[in-house]
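When a ligand or atom number is given, it counts from 1 through the structure's own listing order.
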Amino acid sequence: MANPSIHDGLRIFIEHLVCVTPPALFRRNSIPPATRSRRIFTRLTVSAHIFSETTDTVTYGGGDGNRLITRLLKKGRINSAMGRLGLGLAVGCAVASCAIAAVMVGRRVRSRRRWWKVVRAFEEFEEAASTPVGRLRQVVDAMAVEMHAGLASEGGSKLKMLLTFVDKLPDGSESGIYYALHVGGTDFRILRIQLGGQRSILGHDVERKPIPQDLMTTTSEEFFDFLALSLKDFVERKGNNLQLTQVRGKDLGFTFSFPVKQTSVSSGTLIKWTKGFAIDDMVEQDVVECLQKALSRTGLDMNVAALVNDSVGTLAVGHFYDKDTVVAVVIGTGTNACYLERADAVIKCQGLLTASGGMVINMEWGNFWSSHLPRTSYDIDLDAESQNPNDQGFEKMISGMYLGDIVRRVICKMFLVSDIFGPFSSKLSTRFVLSTPLMAAMHEDNSPDLSEVAKILEDTLDIYDAPLKLRKLVVKVCDVVTRRAARLAAAGIVGILKKIGRDGTGGITSGRVKGVKGDKLRRTVVAVEGGLYTSYTIFREYLNEAVAEILGDEIAPYVILKVMEDGSGIGAAMLAASHSARNVDTVQVL
Ligand code: BGC
């Protein structure tokens, strides 16, 4: 049984301790834990010391303490009481320190545990989304195999490998004024270019208009009327005083960035919508016919001379400037690729004859699928909740429409596994609330305290006062998502190079030309368009780096990736130029 005076001494001691200890010492996070424990211990020792040295003069916060001391002094028992008190204080110090330490350690352990759950959720995602070069090579092979399958038979692969009826790409000799319309992403573009021959563009006007959300799900008539009226308005404003009559019969290139089954270079039916468009009465309709009718309704007498996919437009403009351009890739809201194939390799279309012996193939690679793709639970959920489940699997891992949403899903999971960051915000479960441009802005935030990340988390996801460690983790999530997308696109590109024998391994065509000193590798240019590649530096660097990594040091210098700003629209105008100039049909399907 403890001596009563020791109890009293302990109480006095603790009262003193509480009086003299700054409250900050008891608060979590105000001071680093090691420093806090040290300071608390020092306070305990000092309190004990003050008590034993100045018992007769100190003024404690509690009246009981004073009364006890006065009583002890009066009774002349201070000296013996002091001995017991000293012992009591020592025990008290130890007990109090242990209690405080236990509380602190407990809190810390709980908080660590909750944080580790968050980190584990991230690490599991990182692991599932990893793209080591070995896996990329498997994707390369799968892409090449699927290309063969898609060319061999209709429906032979998820890759549609569509004929474009573009057998010859612009070579720079085109001249005259041409217009183009480009529909396909978040905005719609109208262009007017003046080609001057000798690979020159003398004039170039572009107007961008966002496509109103409701038009993406309206009727085909309303949709095409919107396009035709916008074009008419543009012609009137930019026509340098040309009357509408003076554009009569002018050729127009139409970039329509959706899967279309072409029946000629200027006709084709829509196979399906992608990227959030859903105008049901358009499916299986002839796209050019719809536009041509809308142009007549608005009184614009123009002729759609070329219907092209945006990847084909990009290839055309790439080839206009550099004849070694044989592949084009678009990585924007959606993603796709096309390339120049030998006509006789298109087995599913026996009897395809072209004057050049070649044909541009629109791969529609957004729909590529392979079990080697690093698919995570977030991709599965995104797909299941999308407008087009089981479709466009590659696109959903790569393109601008989806990357921000994958990041949102991972952040959402991190909040669900732990309450460490405060209450769950309903915005976290709102699809597409975090757009890819916002994700890129967080990823590229260079400020030391990641203030841009904090702002975006607050403004778009209602996550307030996110601690720095969470902001850092969010940047890592953006990095994993972006890196995977860029590296998969790189693998896709090398897959095409492999199919056409330009990856140095000797595909269908060897990719080598006879030089004076034997075989020499051929220069291959890949034209790339789309905001992810042209405006998102980290994405571009990851993609370029992965192409070089997969190809290796010997081949990589021969493969050049070139940015084509606005390539798809300009390319459509160029194709309108080259196809209107040649009145002879150069493609025949026997
Ligand atoms: C479409 C392609 C298009 C690509 C890039 C995809 O969703 O299916 O036709 O080329 O997006 O815009």
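- Looking at Ser399, its side chain does come within 3.5 Å of a backbone N or O of Thr333 through a donor-acceptor pair.
- Under 4.0 angstrom from ligand 1, there are no non-hydrogen atoms of Thr333.
- Residue contact check: Thr274 has heavy atoms under 4.0 Å from atoms 1 (C), 6 (C), 7 (O), 8 (O) of ligand 1.
- Taking a 6.0 Å sphere around NZ of Lys293, one finds it holds 12 or fewer heavy atoms contributed by other residues, nucleotides or ligands.
- Residue-level proximity to ligand 1 for Ser311 is absent, since no heavy atom of it falls below 4.0 angstrom.
- With respect to atom 6 (C) of ligand 1, the closest heavy atom belonging to the protein is Glu395 OE1, 3.0 Å.
- In terms of protein heavy-atom proximity, atom 8 (O) of ligand 1 is closest to Glu364 OE1, 2.7 Å.
- No donor-acceptor distance shorter than 3.5 angstrom exists from the side chain of Thr255 to the backbone of His182, with no hydrogens or angles considered.
- Residue Thr335 has at least one heavy-atom neighbour below 4.0 Å for each of these atoms of ligand 1: 4 (C), 5 (C), 6 (C), 11 (O).
- Using a 4.0 Å cut-off to heavy atoms of Gln392, the atoms of ligand 1 that qualify are 7 (O), 8 (O).
- Annotation for ligand 1: atoms under 4.0 Å from non-hydrogen atoms of Phe258 are 9 (O).
- Checking side-chain atoms of Arg297 against main-chain N and O of Asp225 turns up no donor-acceptor pair under 3.5 Å.
- The pair Asp141-Arg137 does not count as a salt bridge, with every side-chain nitrogen at least 4.0 angstrom from each carboxylate oxygen.
- The nearest non-hydrogen atom to atom 11 (O) of ligand 1, considering only Lys160, His182, Lys275, comes from Lys275.
- To the nearest 0.5 Å, the span separating NZ on Lys476 from CD on Glu126 amounts to 7.0 Å.
- Annotation: cation-pi pair Lys272/Phe258 absent, no NZ/CZ under 6.0 Å from the ring centroid and within 45° of its normal.
- Distance alone, capped at 3.5 Å, is enough to place a donor-acceptor pair between the Asp281 side chain and the Ser220 backbone.
- Considering only non-hydrogen protein atoms, atom 5 (C) of ligand 1 sits nearest to Asp310 OD2, 3.2 Å.
- Heavy-atom distances between Gly184 and ligand 1 stay at or above 4.0 Å for every pair.
- Residue-ligand proximity: Met401 is placed with every non-hydrogen atom at 4.0 Å or more from ligand 1.
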